[in-house]
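Following: one structure in structure tokens, then a few remarks.
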Amino acid sequence: MSVGPLEPKFFAEMLTRLGLEAYLADEQKPERWDALTVALQSTFLTQDQAYWAALFEGSDACVAPVLTLASAPHHRHLQARSTFVEKSGLIQA
């Protein structure tokens with residue numbers, strides 16, 4: 001999963017969806033970032049990518065699945081933006 005909630009409201013949304021509200025105050029405390037990293041990693045390891053993608057779908061948490069090159073053209077977000085096209089029988093960005 002890709003995680004990038006830079007603004008406090010997006011960070012709070014991510015932690016709330018993950019059940020990690022106890023870490024809300026740690027965003028501004030560099031000395032707590034290692035503990036937050038461990039908590040995020042261990043939480044994400046409890047479920048598969050499909051679970052997390054569904055949980056964060058439509059949210060403002062700035063969390064999204066990391067896609068393979070083969071699966072990216074089939075992702076609805078990229079399809080809606082026509083990110084990939086077929087030309088001469090090949091899928092291209």
Side-chain angles (χ1 to χ4, degrees):
M1 297 300 291
S2 171
V3 176
L6 299 179
E7 296 179 39
K9 67 180 182 177
F10 303 135
F11 183 76
E13 174 74 13
M14 178 191 71
L15 292 182
T16 299
R17 287 182 179 256
L18 292 171
L20 297 174
E21 295 92 339
Y23 291 91
L24 279 170
D26 292 350
E27 179 184 24
Q28 301 299 324
K29 297 179 182 175
E31 67 276 9
R32 294 285 300 145
W33 290 351
D34 287 343
L36 175 58
T37 299
V38 170
L40 288 169
Q41 181 181 27
S42 62
T43 300
F44 275 113
L45 288 173
T46 65
Q47 301 288 339
D48 65 13
Q49 186 185 57
Y51 173 87
W52 296 118
L55 181 71
F56 286 102
E57 181 71 29
S59 78
D60 286 334
C62 301
V63 176
V66 176
L67 305 172
T68 65
L69 189 54
S71 67
H74 307 288
H75 190 274
R76 74 174 185 81
H77 178 87
L78 299 172
Q79 286 179 334
R81 287 157 182 76
S82 300
T83 302
F84 293 90
V85 296
E86 184 177 334
K87 185 166 178 144
S88 300
L90 299 173
I91 302 293
Q92 303 177 30

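Just so you know, these numbers use all the heavy atoms, side chains as well, and skip hydrogens, waters and symmetry mates.
Atoms CG and CD, from Leu36 and Glu31 in turn, are 12.0 Å apart once rounded to the nearest 0.5 Å.
Partners of Thr83 by side chain to side chain donor-acceptor pair (under 3.5 Å), not counting sequence neighbours: none found. Every residue was checked against the side chain to side chain donor-acceptor pair (under 3.5 Å) condition with Ser82, not counting sequence neighbours, and none meets it. For the side chain to side chain contact (heavy atoms under 4.5 Å, CB included) test, residues two or more places apart in sequence or in another chain that qualify with Ser2 are Val66.
The side chain to side chain donor-acceptor pair (under 3.5 Å) analysis of residues 38-50, with sequence neighbours excluded, yields no pairs. For the ring-ring contact (aromatic ring centres under 6.0 Å, His included) condition, no pair includes a residue of residues 73-93, sequence neighbours left out. Listed by first and then second residue, the ring-ring contact (aromatic ring centres under 6.0 Å, His included) pairs involving residues 3-49 are Phe44-Trp52 (not counting sequence neighbours). Residues in residues 11-20 take part in these side chain to side chain donor-acceptor pair (under 3.5 Å) pairs, two or more places apart or across chains: Glu13-Arg17. Listed by first then second residue, pairs satisfying salt bridge (charged side-chain N to carboxylate O under 4.0 Å, His left out) with a partner in residues 77-93 number zero, not counting sequence neighbours.
Met1 has its side chain within reach of Pro65: a pair of non-hydrogen atoms, C-beta onward, lies under 4.5 Å apart. Taking the side chain as every heavy atom from C-beta outward, Val63 and Leu18 never approach each other to under 4.5 Å. Annotation: side chain of Asp60 is not in contact with side chain of Lys9 (no heavy-atom distance under 4.5 Å).
Using modelled atom types, one side-chain atom of Ser59 and one backbone atom of Ala61 make a donor-acceptor pair closer than 3.5 Å.
Environment of CG in Leu45: crowded, with over 12 heavy atoms of neighbouring residues, nucleotides or ligands closer than 6.0 Å.
Scanning both residues, Leu67 and Ala72, for their nearest heavy atoms gives CD1-CA, 3.9 Å.
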